[in-house]
Amino acid sequence: MLKFIGRRLLQMAFLFVLFLTILFFLLQAQPGDISSQFVGNPEIPPEAKEILRERLGLNESLWGQYTTFIINFFKLDFGVSFTEYPREVSDILLSRLPRTVVLFLTATLLAYWMGFATGKLVAWRRNTKLEHVVTVTGIFLYTVFYPWFAIMMLWIFAANLGWFPVGKFITPSVWNNAPFEANQVFNRMIVVAVLFALFVGVVWYLTRRIGDLDRRKWLRRGIAAGGLVVVAFYWMGSDMRTYAADIAHHTVLPVVTLALVFFAQITLLTRSSMLETLREDYILTARAKGIPERVVRDRHAARNALLPVTTSFVLALAAVIGGGIVTESIFSWPGIGLALLNAVLVEDIPLAIGGLALIGLLSLVGHLIVDILYTFLDPRIRYS
Amino acid sequence: MTSPSASADTLLGTDNILEVDDLTMYYKTRGGYVKAVEDITFDLGKQTALGLVGESGCGKTSVAMSLMGLLPGNAEINKGSIRLDGDELVGLTREELRERRWRDIAMVFQGAMNAWNPVYTVGDQIREAIRYHWEPAPSVEVANARIAELFELVGLAPAMLERYPHEFSGGMRQRAVIAMALSCDPKLIIADEPTTALDVIVQEQILKELKKIQDDLGMAIIYISHDIAVIAEVTEQIGIMYAGRLVELGPTPEVFADPRHPYGLLLLRSTPSIKGPRRKLAPLVGEPADLVNPPPGCRFHPRCPLAEERCAQETPVMEEVSPGHQVACFYWERTAELDIEGV
């Protein structure tokens, strides 16, 4: 296993350099450069543009630029943003990374969890009204033109109903003279959430041997609910609470919108995967054994239906990232996606490469995680 | 054991573990009712073995599924009764059937590979059956000790119980299936094509193993197979099914040597015999009957060389041709002529 991970890491490093190279030349293949921004501006003379190009190193040969870029990249020097000059690219990305990760991760986990549960249930109750409603809704959400859908969500829930703010990360009026920075509060929220997730994970692990399934279920739910109460008390006692609440309020709509579309995909996939496993002989064996139907559904059918759904995660990763960029721009969510979009539009090459490289790295890591996860999910798979 | 029928049976001194009376089961489909099982009647003595044979789609497995209470939602038992050890099974709720399944009737499946869930160890899957049927549910250690015993009984190393199904060979998987079937001490085991996916040598071993286990533990077994030769050696009785009906039922040696139903004869003659005299194989001509619109009268008459006008109008009932040997054919006395013609 360790040998496998080592080999995969080596492969990943090679792939990553290849990816960076392609990125670099693709971005350079765009016509013009950052100075084209000022073409229409008569107050900036051509000489000024020339000086700009000289200072940003854009006059060097392509090969020279490339080698400088790669060498610096591996010295962990990702360069300086052209548009926010002289701010470091790594600084911009790092400050935006948590927001993007939270948006993606919450939406993905939510979508997987709900989608798997729904798909499982719907396949189990084949040819009922429930199945028809869920399938049609799922197909609608899966095939809808996503930007339109996101705007509709904003229009309905933010503009008309006013339940949620219209985009952005914080409400400026709330944060006037605030004693904290938004990132400080946000990081605290993340830490609390991660601690809570760890707590739930530990509880799940420790209770795994309880044979009585009903007792185990209620014990787990009870402890998790207790943990939630503790978290709630923590925030009520914290002086960050108004600010945290403001951020949370802004988070809901983009997360739900992104999750809904992804949820539909997982539901449909789980449904078809489950319908396939339900036809397997071992389902008949399980039924013949006289174990409760619920156990046949969850332990035998759904457990095997999970395998292709996990594989789809890798394929979905790219879609979530694409959807993430659209989400961030429509909801003015100041994450990496939005920074990337702006950087590409104005040819801020260091920032664009930095953002894309980060996304590439995340998806490579995602692949590795799924491959490792697979050995736990399917005993037939062993890497050697 | 307090139901009136049970006490009556005890008075009469029945030694039957299973009594199936007039069992009729249809599947409801868009094209109409599929008359999969009709008027099946047979008794099975304690510690005896019965073989059900017939072509694919003749209703063998549907009978097995009715006995197991494992029918899909579109199936209905229209009439008849199934009494297991005196208790009526027809009309029980799904939950009652579930509790009895494996505890009273277990099953040995065909398809050694696919009967096992690939993501759990074999021991885990057997423990699952034990957990829901032993009273009270035993600890993992106790269950494992029992499984290890059973593994030895069927000729598997006890250490194999923590292995995954894909680490087993075909024959080993089938042995493990038998061990699983024995895990809750059932009164009856239904072996549905227990050796079909295996090679001839392993087939032989598995059948002998099953026979020996039956002699040692004393449960009843129903073998289901399309191959009459496979089960001839291990059963006391053979029932031949055609298109959802039982057409011949009798002691194995007699049915095997001297089948009285034309279909039984043709089915037997369609397989070569190694020991007997060399003869031309007589293929069964025609298609199996359509069970949605079965032929009127005797369902076999369109394919039967002995068919007369009467066969298309009246349905023959089982009649005893010798002690314990029943045949549903008007012209069973002429079946022997067919044998000579077929040479």
Side-chain angles (χ1 to χ4, degrees), chain A residues 116 120 123-128 130-131 208-216 273-311 373-384, chain B residues 61 64-65 67-74 94-121 124-133 136-140 143 162-167 177 180-181 183-184 186 190 192 197:
Chain A
F116 190 67
K120 177 178 92 177
W124 189 252
R125 303 208 188 144
R126 186 120 206 241
N127 290 325
T128 56
L130 178 82
E131 193 214 359
R208 78 194 183 287
R209 288 222 163 235
I210 295 178
D212 185 344
L213 292 181
D214 269 327
R215 225 185 100 210
R216 183 171 78 185
S273 164
M274 180 93 170
L275 286 177
E276 222 158 276
T277 42
L278 281 174
R279 277 199 294 270
E280 296 281 350
D281 289 345
Y282 53 74
I283 298 299
L284 182 67
T285 311
R287 284 215 171 100
K289 277 196 288 189
I291 57 180
E293 287 288 282
R294 192 177 40 120
V295 181
V296 177
R297 183 191 69 194
D298 293 348
R299 202 161 178 268
H300 290 273
R303 176 65 176 70
N304 278 284
L306 186 62
L307 299 174
V309 177
T310 312
T311 317
L373 205 63
Y374 228 81
T375 64
F376 290 100
L377 288 178
D378 191 344
R380 285 167 297 186
I381 291 179
R382 286 281 171 274
Y383 304 115
S384 51
Chain B
T61 301
M65 291 301 156
L67 297 179
M68 290 291 287
L70 263 184
L71 293 170
N74 64 336
R94 281 175 169 271
E95 183 61 18
E96 285 166 329
L97 284 169
R98 178 187 76 68
E99 279 172 17
R100 282 164 178 273
R101 232 178 277 146
W102 222 258
R103 196 190 66 199
D104 290 347
I105 310 181
M107 203 160 174
V108 171
F109 294 94
Q110 95 170 78
M113 182 72 209
N114 302 331
W116 294 100
N117 189 331
V119 303
Y120 299 113
T121 62
D124 194 0
Q125 295 181 57
I126 302 179
R127 276 200 299 275
E128 201 177 30
I130 291 176
R131 185 191 309 148
Y132 287 101
H133 293 299
S139 68
V140 172
E162 292 307 333
R163 296 286 187 83
Y164 289 95
H166 69 270
E167 299 174 271
V177 164
M180 179 153 78
S183 63
C184 303
I190 299 174
D192 188 359

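Model, not experiment: these values are computed from the prediction. Every chain is numbered from 1 and lettered A, B, ... according to where its sequence line falls, protein lines coming before strand lines.
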Contact summary for B:A115 and A:D281, nearest pair of heavy atoms: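 So the minimum-distance heavy-atom pair works out to N-CB, 4.2 Å.
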Full working for side chain to side chain contact (heavy atoms under 4.5 Å, CB included) between A:K289 and B:M107: CA-CA 8 Å; A:K289 277 196 288 189; B:M107 203 160 174; over 6 Å; no
Side chain [X], main chain [Y], donor-acceptor under 3.5 Å:
X: A:T285; Y: B:W116; value: no
X: B:R98; Y: A:G290; value: yes
X: B:H133; Y: A:I291; value: no

Part of B:A129 lying under 4.5 Å from any heavy atom of chain A: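 The answer is both parts of B:A129.
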Contacting region of B:Q125 [heavy-atom separation from chain A under 4.5 Å]: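 The answer is both parts of B:Q125.
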Contact origin within A:R287 toward chain B - heavy atom pairs under 4.5 Å: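 Contact with chain B: backbone and side chain both.
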Partners meeting salt bridge (Lys or Arg N to Asp or Glu O under 4.0 Å) with B:E167 (sequence neighbours left out):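 For B:E167 there are no salt bridge (Lys or Arg N to Asp or Glu O under 4.0 Å) partners, ignoring immediate neighbours.
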Heavy-atom side-chain contact between A:Y282 and B:P118 under 4.5 Å: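 Side chain of A:Y282 against side chain of B:P118, heavy atoms only: contact under 4.5 Å found.
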Verdict with supporting geometry, B:M65 and A:L284, side chain to side chain contact (heavy atoms under 4.5 Å, CB included): CA-CA 10 Å; B:M65 291 301 156; A:L284 182 67; 3.9 Å; yes
Contacts of B:T61 that satisfy side-chain hydrogen bond (donor to acceptor under 3.5 Å, both in side chains) - sequence neighbours left out: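 Checked B:T61 against side-chain hydrogen bond (donor to acceptor under 3.5 Å, both in side chains); matches are B:D192.
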Closest-packed option against chain A by number of heavy-atom pairs under 4.5 Å, given B:I105, B:V140, B:D124: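 Highest number of heavy-atom pairs under 4.5 Å: B:D124.
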Selection from A:I283, A:V295, A:N304, A:L377 maximising heavy-atom pairs under 4.5 Å formed with chain B: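 Winner by heavy-atom pair count: A:N304.
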Residues A:R299, B:E128: salt bridge by 4.0 Å N-O rule: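 A salt bridge is present here (some side-chain N lies under 4.0 Å from a carboxylate O).
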